Novice: 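Here it is: the structure, laid out below.
One-based numbering, in listed order, for ligands and for the atoms of each. Small disclaimer: the values here were computed from a predicted structure and weren't measured.
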Amino acid sequence: MRHAPHKLIPDSFTSLPSRTGVPATVQVVAAPGDDLDAIGYGVPQNGDVPAGLGIDRAALEGAGFTGRPGQSLIVPSGAAPFAVAVGIGDDDARGTAALRDAAATFARAAAHFGRIGLDIGTAFAVPASDAGRAITEGVLLARYSYDVLKTKPTTVPVELLQIIEADGDRIADTQSGATAGITLAAAENLARDLANTPPGHLTAVEYAETTMESAADFGLQVEVFDKAALIELRAGGILGVNAGSVDEPRMIVIRYRPENPTGHLALVGKGIMYDSGGISLKPSDPMHLAMKMDMAGSAAVFGAMTALRDLGCTTAVSAWLMCTDNMPSGSATKLGDVLVARNGTTVEVKNTDAEGRLVMMDALVLAAEEKPDAIVDIATLTGAAMRALGHLCAVVLGNNQPLVDRVLASAANTDEQACQFPLEHRYRSWLDSDIADIGNLGGANAGATTAALFLSEFVDGVPWAHIDIAGTMQSDTEDFWRRKGATGYGTRLLADLAMNFAR
Ligand code: BES
Ligand code: MN
Ligand code: ZN
């Protein structure tokens, strides 16, 4: 392990992250306990104000609270439990995503309180299990913060969350949903921690050690491939991207193997620990600062894997995390160099900043060699995806519509939004190279599509979908359950996909 002298907390990752925002307990109860610090009540824009709030609509409106989604108001009653009004909007559009958002609004309003209750479910026409899951996710994701390097913590952890459910018939299902919600929020907060970690605090080598050390806790098997092993595998892409780095690359292969699996899903994650652009150095703008998160795809994959056993997933899942930084130096890959992928394809490097596809190509070949039922990759691949859809919606492309439809369904289930782009094969010629089988650079337009076309050449006919999360990997605002910084996007989506996967 490289211990750089600048590391304030050199061992910040020797044990698995803070998992901030994950409480000791989530309970579903018919009535709130008497030792809560705060209780949230859903307040619609029209209709009755819940009696528990202790004030009427006129008083709320006098304080500027109308019940719009995103609004909250603590009633300053002087003593615990404080009542918190949480806006839940109009009667229509009250689905699972709105419930998760409302729970997040409450958790944020009650940020000073560790023991909280939420009475909100009856206004939402959401099945009990989904409600328990959405409320728990909303609260725990909203209360996340990356505090590892703060000398004083900035967040009060949720010690107890009580979900108040008056309908006794719904309590058991709500509780099982809440239990899944804890697992999923913890997984996503883990992915956030990994992506928020500064590049000097988490090299590919340290990342591999971290996953290796924690694997057994999550019922996973991990195999790590170092530089010598990658040479042995003829993984020319990741080796070429790593050529300029003082830190070794790592390929981390993670396996989840339930008894009598009902299918085999392969996941591939881009793990660029820091993307400087390499010789095609990025301009020195704020974009650089975000490039510690260029491993967010791999973090989402790892996060999702940590949830599978606890969720009772019956699909076997194999994952390849392709980890290295992308640095300029005297030994770096130059423009015009030709790399050879594991399957023998020769690739002319026309831009060293298009490094993601180079590390992914070897992993896709390795995944396809195992003939899984499907391959899904996730990568912070193109600025084009971010420019097209912004921070709230990822790009999905693939060679198999039923698989893409499954990804879109999981995106909808988790409110990790995604939108399909066409895999337009007539743009393939833009990737032509004069001297090699393919170049790593497309034309000026349709950058997300040409990047996907490049990847599609390495899946050997296996059903495949690609999720470009360049935009969604981070949030620049506090937006309901999304905190500023790494979002963990894709963690819950991929876990949902694995749960609902069938051959
Ligand atoms: N990691 C970047 C893409 C990215 C940009 C992610 C912004 C998140 C936010 C990727 O490696 C990259 O540099 N892509 C280039 C590709 C181009 C050179 C073909 C891009 O999109 O500009
Ligand atoms: Mn790049
Ligand atoms: Zn990159």
Side-chain angles (χ1 to χ4, degrees), residues 191 195-196 199 204 237-238 240-245 249 268-300 321-328 332-337 339 347-361 363 377-395 397 421 427-428 430-433 438-455 466-476 485-490:
N196 279 325
I238 187 171
V241 172
N242 180 253
S245 181
V268 174
K270 172 174 170 181
I272 299 296
M273 310 310 293
Y274 183 73
D275 181 10
S276 72
I279 296 299
S280 311
L281 191 63
K282 288 180 184 295
S284 193
D285 63 18
M287 187 62 76
H288 258 289
L289 208 46
M291 286 303 124
K292 67 173 183 181
M293 297 182 202
D294 210 20
M295 35 60 73
S298 72
L321 315 187
M322 304 305 282
C323 306
T324 172
D325 45 14
N326 181 27
M327 298 296 284
T333 294
K334 303 170 185 79
L335 280 72
D337 272 338
L339 305 176
V347 182
E348 184 183 7
V349 178
K350 296 183 173 183
N351 187 321
T352 61
D353 200 11
E355 85 296 341
R357 62 198 75 182
L358 299 175
V359 302
M360 300 295 275
M361 69 184 182
D377 82 70
I378 182 163
T380 49
L381 207 62
T382 66
M386 178 169 62
R387 277 189 292 280
L389 296 176
H391 291 308
L392 287 176
C393 189
V395 172
L397 306 100
F421 278 14
Y427 300 154
R428 169 58 180 83
W430 297 355
L431 291 161
D432 284 350
S433 161
I438 192 169
N440 78 332
L441 190 60
N445 300 318
T449 297
T450 51
L453 281 171
F454 181 98
L455 298 180
H466 158 67
I467 311 174
D468 191 330
I469 60 165
T472 55
M473 71 171 188
Q474 65 161 334
S475 178
D476 47 14
T487 55
Y489 177 103

Novice: Which residue owns the protein heavy atom closest to atom 18 (C) of ligand 1, what's the atom, and how far is it?
Specialist: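 The closest one turns out to be Asn351 ND2, 3.5 Å.
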Novice: Go through ligand 1 atom by atom and flag the ones less than 4.0 Å from a non-hydrogen atom of Glu355.
Specialist: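 Selected atoms, number and element: 11 (O).
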Novice: Rounded at 0.5 Å granularity, tell me how far CD in Gln474 sits from CG in Asn196.
Specialist: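 If we round to the nearest 0.5 Å, Gln474:CD and Asn196:CG are 9.5 Å apart.
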Novice: Below 4.0 Å from any atom of ligand 1, is there a heavy atom belonging to Met293?
Specialist: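 For ligand 1, residue contact (heavy atoms, under 4.0 Å) with Met293 is absent.
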Novice: Within less than 2.8 Å of the Zn ion (ligand 3), any N, O or S from Gly356?
Specialist: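 No, outside the cut-off.
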Novice: Answer yes or no: does an N/O atom from Asp275 fall short of 3.5 Å to an N/O atom of ligand 1?
Specialist: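 Yes.
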Novice: Closer than 4.0 angstrom: is that true for some heavy atom of Asn326 and an atom of ligand 1?
Specialist: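 Checking ligand 1 against Asn326, which is what was asked, there is no heavy-atom contact under 4.0 Å.
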Novice: For Ser280 and Asn351, indicate whether the former's side chain and the latter's backbone hold a donor-acceptor pair under 3.5 Å.
Specialist: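 It does not hold such a pair.
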Novice: Restricting to N, O or S atoms of Asp275, which is nearest to the Zn ion (ligand 3)?
Specialist: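 Of all N, O or S atoms belonging to Asp275, OD2 is the one nearest the Zn ion (ligand 3).
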Novice: Which bit of Lys350 is near ligand 1, meaning a heavy atom under 4.0 Å away: side chain, backbone, both or neither?
Specialist: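 Answer for Lys350: neither.
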Novice: Looking at ligand 1, does Lys282 have a heavy atom less than 4.0 Å from it?
Specialist: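 Judged by the 4.0 Å heavy-atom criterion, Lys282 does count as contacting ligand 1.
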Novice: Name whichever N, O or S atom of Glu355 ends up nearest to the Zn ion (ligand 3).
Specialist: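 When I compare the N, O and S atoms of Glu355, OE2 is nearest to the Zn ion (ligand 3).
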Novice: Which of the atoms in ligand 1, numbered in the order shown and given with their element, are less than 4.0 Å from a heavy-atom of Lys270?
Specialist: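 Close to Lys270: 1 (N), 10 (C), 11 (O).
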Novice: State whether Asp353 contributes an N/O/S atom found under 2.8 Å from the Zn ion (ligand 3).
Specialist: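 Checking the Zn ion (ligand 3) against Asp353, no N, O or S atom falls under 2.8 Å.
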Novice: Among all the protein's non-hydrogen atoms, which is closest to atom 12 (C) of ligand 1, and how far away is it?
Specialist: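 For atom 12 (C) of ligand 1, the nearest protein heavy atom comes out as Asp353 O, 3.2 Å.
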Novice: Look at atom 6 (C) of ligand 1 and say which protein heavy atom is nearest, naming residue and atom and giving the distance to 0.1 Å.
Specialist: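 Residue, atom and distance for the closest contact: Ala470 CB, 3.5 Å.
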Novice: Taking only heavy atoms of Arg357, which atoms of ligand 1 are found under 4.0 Å from at least one of them?
Specialist: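 Those atoms are 19 (C).
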Novice: Please give the atom name: the N, O or S atom of Glu355 nearest to the Mn ion (ligand 2).
Specialist: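 Nearest N/O/S atom of Glu355: OE1.
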Novice: Going by the order shown, which atoms of ligand 1 are within less than 4.0 Å of some heavy atom of Met291?
Specialist: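 Numbered from 1, ligand 1 contributes 1 (N), 4 (C), 5 (C), 6 (C), 7 (C), 8 (C), 9 (C).
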Novice: Give a yes or no on whether the backbone of Tyr274 and the side-chain of Asp294 come within a donor-acceptor separation of less than 3.5 Å.
Specialist: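 No: the side chain of Asp294 does not pair with the backbone of Tyr274.
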Novice: Is it true that some N/O/S atom of Asp353, main chain or side chain, lies under 2.8 Å from the Mn ion (ligand 2)?
Specialist: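 Yes - counting backbone and side chain alike, Asp353 has an N, O or S atom under 2.8 Å.
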Novice: So if I count the atoms of ligand 1 from 1 in the order they appear, which ones are less than 4.0 Å from some heavy atom of Asp294?
Specialist: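 The atoms of ligand 1 under 4.0 Å from a heavy atom of Asp294 are 1 (N).
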Novice: Distance to 0.1 Å, residue and atom name: give those for the protein heavy atom nearest to atom 21 (O) of ligand 1.
Specialist: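 Ranked first by proximity to atom 21 (O) of ligand 1 is Gly383 N, 2.7 Å.
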Novice: What's the shortest distance from atom 10 (C) of ligand 1 to any protein heavy atom, and which residue and atom give it?
Specialist: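 Looking only at protein heavy atoms, the one closest to atom 10 (C) of ligand 1 is Leu381 O, 3.3 Å.
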Novice: If you count the atoms of ligand 1 from 1 in the order shown, which ones are under 4.0 Å from a heavy atom of Met386?
Specialist: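 Close to Met386: 7 (C), 9 (C).
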Novice: Can you name the N, O or S atom of Asp275 that is closest to the Mn ion (ligand 2)?
Specialist: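 Nearest N/O/S atom: OD2.
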Novice: Among the N/O/S atoms of Asp294, which is closest to the Zn ion (ligand 3)? Give the atom name.
Specialist: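 Asp294's closest N, O or S atom to the Zn ion (ligand 3) is named OD2.
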Novice: Short list, please: which atoms of ligand 1 are under 4.0 Å from a heavy atom of Leu441?
Specialist: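 It comes down to these atoms of ligand 1: 19 (C).
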Novice: I'd like to check Leu358 versus Phe454 (side-chain heavy atoms, cut-off strictly below 4.5 Å). Are they in contact?
Specialist: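 When only atoms from C-beta onward are counted, Phe454 and Leu358 do touch, with a gap below 4.5 Å.
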Novice: Going from CZ on Arg428 to OG1 on Thr450, what distance comes out if it is rounded to the nearest 0.5 angstrom?
Specialist: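 Here the interatomic distance stands at 11.0 Å.
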